[in-house]
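Each remark here refers to the structure printed beneath this line.
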Amino acid sequence: MTVILQVALDFVDLHRAVRVAKESVEGGVDWLEIGTPLIKSEGMNAIRHMRSLFPHTTLVADMKTMDAGRAEMEMAAKAGADIAVVMADAQDSTIRECIEAGKNYGIKICVDCIHDAEIEERAADIEKWGAACLSVHTAIDDQMRGKTPFAVLQRISGRVKIPVAVAGGINSENVVDAVHAGASIIIVGGSITKARNAKAAAESIKSAILENRKIPTTLFKRVAREEVREALVKLSTANISDGSHRAQGITELYPLYPDIKIAGNAVTVRTYPGDWAKPVEAIDLAKEGDVIVIDAGGAGPAVWGELATHSALQKKISGVVVWGAVRDSAEIRKLKFPVFTRMVMPSAGEPKGFGEINIPLSLSGIRINPGDWILGDDDGLMVIPLSEADVWVNHGMDCLERENRIREEIVSEKSSLGKVMDVLKWERR
Ligand SMILES: O=C([C@H](O)CO)[C@H](O)[C@H](O)COP(=O)(O)O
């Protein structure tokens, strides 16, 4: 079976899409997809432009048509597409109109099952109407929740004779699974478009297909809940904030030393200024990898010091966050134990035992529930709700990957952020 590799150029700026298209073709990509974001941003001119640059390459227009099939297919065909995409969720009449228009204008029609609960029943009809391919697709928004296309792909591929495409988080590691599950058209977006070197990324995915082997990658993978920690340590607090619609972090707390990194689940403590009993008891309750978050009223005396730090290190606790004061800062720094605090001072208080452990806290207006993920670095502290951790982390990974590519474009083209991102064009009108 010949397997086609198609890169989805999911950019909003044509100049960036063109560069990745060139790199991808050099890397062995067979088909170029003018992605939906590019079509929305640049219209049919994106297809025209790509056609002029790549006269002999198959161009797929990811129109994601939901209605007015005839008109949209005509536009795509006349702009230079070879294949255009209609949604399986569209009305039967729309899909059939697309297919008929495709015949009239000489293009093929691919039907995208990004969301169609009845696709297994409808697949045979779609094939009978004359679709050229059926695409099993996990939406980017669903990928963030750890979903993949493989189970549906497996079920659909046995039901039709037309080629089955797959899209949704395909990378050099899982592409072999996609081929084994029956896909003969592999649609890859982020793993190529966000790669620092798109040519090398395309080559790697192509090799994985041709050599039928998994090529490990650390990026372009979406995590499930149990893999959150592994991914979180790769991220910065800025990635998490960007990925979660610019969520705010805890303010007014500072790292005790630079190049700090803290990541773990919160064990929360409420105590009173200087009362270090509950903080110390929390160390014994905490598990390996946890972060102790102490609300000591924002004032001194200190509730944490060197001996508490030694105890926390014995338990392999990831760090401590103190809305209050700490002391013995030089020793803590030497021990490289991550501490965020509001104040540093020499005086400690008494262990009186007021307060509670593992109750919800609110620090600088940010709520922290026991078990929530805490990520801290030189920029500050982010609190990631436990129930949404996979989504926040996956969005954060997406931001990290995008930034890697943008940095590469700025540096290699001796360009600027303004130019690469076309900031002027995207200023709010
Ligand atoms: O079609 C796509 C999506 O709906 C945005 O338009 C993507 O091209 C497709 O999901 C492939 O991208 P990755 O999931 O990043 O590989």
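Read the numbers this way: they start at 1 and go in the same order the structure lists the ligands and their atoms.
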Original post:
Under 4.0 Å between a Lys/Arg side-chain N and an Asp/Glu carboxylate O for K78 and E74?
Top reply: yes
**OP:** Check side chain to side chain contact (heavy atoms under 4.5 Å, CB included) between A266 and all other residues, then give those that pass, not counting sequence neighbours.
**Re:** T268, V293, I368, I374
**OP:** Output yes when E408 and R405 qualify as a salt bridge under the 4.0 Å nitrogen-oxygen rule, no when they do not.
**Re:** no
**OP:** Using a strict cut-off of 4.0 Å, indicate which atoms of ligand 1 neighbour a heavy atom of E33.
**Re:** 8 (O)
Original post:
For K22, does the NZ atom sit with more than 12 other heavy atoms under 6.0 Å from it, leaving out its own atoms?
Top reply: no
Original post:
Using a heavy-atom cut-off of under 4.0 Å, does the side chain or the backbone of D62 touch ligand 1, or both, or neither?
Top reply: side chain
Subject >> Under-4.0 Å salt bridge between D125 and K128 >> reply: yes
**OP:** Measure S191 to ligand 1 on non-hydrogen atoms and call it side chain, backbone, both or neither using the 4.0 Å cut-off.
**Re:** neither
Original post:
Please state which protein non-hydrogen atom is closest to atom 9 (C) of ligand 1 and give its distance, to 0.1 Å?
Top reply: H137 NE2, 3.5 Å
Original post:
In the protein, which heavy atom is nearest to atom 7 (C) of ligand 1, and how far is it?
Top reply: D10 OD2, 3.0 Å
Original post:
When you look at NZ of K425, are more than 12 heavy atoms from neighbouring residues, nucleotides or ligands closer to it than 6.0 Å?
Top reply: yes
Original post:
Which protein non-hydrogen atom lies closest to atom 16 (O) of ligand 1, naming both residue and atom, and how far is it?
Top reply: G189 N, 2.8 Å
Original post:
Charged N to carboxylate O under 4.0 angstrom, E413 versus K419?
Top reply: no
Original post:
Is the closest heavy atom of K194 to ligand 1 under 4.0 Å?
Top reply: no
**OP:** Could you tell me whether the side chains of W426 and D13 share a donor-acceptor contact shorter than 3.5 Å?
**Re:** yes
Subject >> Sub-4.0 Å atoms of ligand 1 with respect to non-hydrogen atoms of G168 >> reply: 14 (O)
Subject >> Donor-acceptor side-chain pairing of D377 and S236 below 3.5 angstrom >> reply: no
Subject >> Ligand-residue contact atoms, ligand 1 with T36, heavy atoms, under 4.0 Å >> reply: 6 (O)
**OP:** Kindly confirm or rule out an N or O of I187 lying under 3.5 angstrom from an N or O of ligand 1.
**Re:** no
**OP:** Find all atoms of ligand 1 within a distance of less than 4.0 Å from any non-hydrogen atom belonging to P37, and give their numbers and elements.
**Re:** 6 (O)
Subject >> For Q143, the ligand 1 atoms whose distance to one of its heavy atoms is below 4.0 Å >> reply: 14 (O)
Original post:
Should the pair E173-K214 be classified as a salt bridge under the 4.0 Å nitrogen-to-oxygen rule?
Top reply: no
**OP:** Number the atoms of ligand 1 from 1 as they appear, then name those within less than 4.0 Å of a heavy atom of A8, with their elements.
**Re:** 8 (O)
Original post:
How close does the nearest protein non-hydrogen atom get to atom 15 (O) of ligand 1, and which residue and atom is it?
Top reply: G190 N, 2.9 Å
Subject >> Minimum-distance protein heavy atom relative to atom 3 (C) of ligand 1 >> reply: K64 NZ, 3.6 Å
Original post:
Can you check whether G169 has an N/O within less than 3.5 Å of an N/O in ligand 1?
Top reply: yes
